[in-house]
Amino acid sequence: MNARTFPPAEQPLVSWPEEGVTRVPFQVFSDQEIYEAEQKKIFRGPIWNYLCLEVEIPNKGDVRTTWIGDTPIIVTRDETGKIHAMVNRCAHKGALVCLKERDNVESLSCVYHAWNYSLDGQLKSVAFCNGIRGKGGMPDDFDVASHRLQRIKVATFSGIIFGTFSEETPPLEEYLGESIMRFLARNMDHPLKILGTHSQIIHNNWKLYAENVRDSYHATLLHTFYTTFKVNRLDMDGGIVLSDKKWHHISYAKRATLDVADEYKQAQVHSARYESALAAPQLLDAWNGFDDNITHSIQTVFPNFVSQLTLNSLAVRIFVPRGVDKTELYWIFLGYETDTEEQTRMRVMQSNLTGAAGLVALEDGCINSFVQRGTKSSPDAEAFIEMGGKVAESNESSRATEAAVRGFWHGYREIMGFK
Ligand code: FES
Ligand SMILES: [Fe+2]
């Protein structure tokens with residue numbers, strides 16, 4: 001019998017605790033190899049990534065640059081109004097082609113050697129293609145038609161443009177699922193206008209932010225502003241809805257249903273200061289824009305998209321990995337074209353709740369870095385995530401649960417093959 005040799009079996013990058021999604025090995029927040037595998041399996045894998053909003057590229061020739069994981073991306077609207085997306089990497093030697101966040105152009109031109117592309121990413125012309133005075137230039141078999149910027153497949157929903165690298169990705173509607181589409185449309189399917197944007201670097205792995213936005217349990221403990229001023233508390237009616245595959249979620253609260261729970265009176269539970277008052281209470285002036293009485297909602301789409309509507313502060317966020325322990329968080333604050341001047345003023349005022357220096361959201365940037373620093377030297381230790389039970393299921397009677405965090409890890413483990 002012939003002796004045969006086999007290549008060594010591929011070692012799993014992480015050994016996940018047998019308890020499953022109620023445990024998360026800290027290694028996943030600081031391991032470079034896992035970070036690189038995520039870029040391939042998640043961001044460049046069979047999923048839909050948020051790219052930008054249609055309202056950011058309303059006109060023919062508009063260009064918006066963005067990111068899919070750490071890959072730079074260009075989104076354009078061509079002469080016919082069609083939206084395209086492509087990798088921002090020249091087909092010649094790989095330079096970035098578009099350098100501005102937003103632009104309006106007739107074609108895309110690389111500054112290095114002036115290769116020029118149409119708005120759908122097809123190469124149109126090459127400088128000195130026939131050399132100078134008939135000398136030099138490209139070989140006879142060079143054909144511009146066979147070169148282009150790498151295409152990204154796009155699909156839109158409620159004015160949101162998504163993109164995917166993979167042909168295996170299911171249709172966008174199937175990926176989002178019914179409940180997620182319905183709520184996204186509630187908030188976003190209106191003529192949108194951009195009120196402002198900003199971004200911030202947070203010093204943590206991107207998945208800590210993915211957990212944080214799904215963690216309804218912390219909102220009333222860490223964010224004492226919400227508790228004190230009764231914006232978002234767990235003793236209001238509210239719930240968590242997970243998408244069919246558990247990857248995405250909606251968390252919501254109804255401010256008018258507040259029924260103060262005894263647990264909030266126990267000083268050891270949190271540090272809210274009930275005697276506090278706002279010098280400018282108009283900060284929280286809000287109108288009820290919907291019939292369902294929901295006054296606070298956070299919605300995610302796996303892996304890194306968030307939509308919020310807190311009181312009237314409508315925003316989308318995207319958190320972009322910038323290395324294993326660094327993430328860039330982009331915010332776009334929105335209103336509707338139909339808003340009155342007073343409503344716009346109220347939305348802008350309420351935007352002070354969130355963002356890098358916001359009255360609430362600054363704590364998230366801070367706490368995620370505390371977790372990064374706390375876990376970095378303990379890759380073999382693990383998080384304990386059993387609040388609200390051990391399963392990842394919707395719960396429309398309580399938000400004292402980490403169900404949506406477990407839902408994220410369901411998706412993550414599935415796509416990374418970490419079983
Ligand atoms: S790298 Fe773009 S034209 Fe040379
Ligand atoms: Fe938070």
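The figures that follow rest on heavy atoms only: side chains count, while hydrogens, waters and symmetry mates do not. Remember, it's 1-based here, ligands and their atoms both numbered in the order they're listed. In this text, all values refer to a predicted model and were calculated from it rather than measured experimentally.
When each atom of ligand 1 is checked for a heavy atom of Trp115 under 4.0 Å away, the hits are 3 (S).
With the Fe ion (ligand 2) at the apex, His223 NE2 and His218 NE2 define an angle of roughly 100° (rounded to 10 degrees). Rounded to 10°, the angle formed at atom 4 (Fe) of ligand 1 by ND1 of His92 and ND1 of His113 is 90°. Vertex atom 2 (Fe) of ligand 1; arms to Cys90 SG and Cys110 SG; angle rounded to 10 degrees, 110°.
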Under the criterion salt bridge (Lys or Arg N to Asp or Glu O under 4.0 Å), I'd like the reasoning laid out for Lys207 against Glu38: C-alpha separation, chi angles, the key distance, then a yes or no. CA-CA 11 Å; Lys207 299 185 294 302; Glu38 289 165 354; 2.7 Å; yes
So Trp409 and Tyr412, ring-ring contact (aromatic ring centres under 6.0 Å, His included) or not? Walk me through it. CA-CA 5 Å; Trp409 292 113; Tyr412 180 82; 5.1 Å; yes
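Without hydrogens or angle criteria, Tyr117 side chain to Leu149 main chain gives no donor-acceptor distance under 3.5 Å.
The aromatic ring centroids of His198 and Phe333 lie less than 6.0 Å from each other. Within the 6.0 Å centre-distance limit, the rings of Phe302 and Trp247 are counted as a close aromatic pair.
Residue contact annotation: Glu363 places no N/O/S atom under 2.8 Å from the Fe ion (ligand 2).
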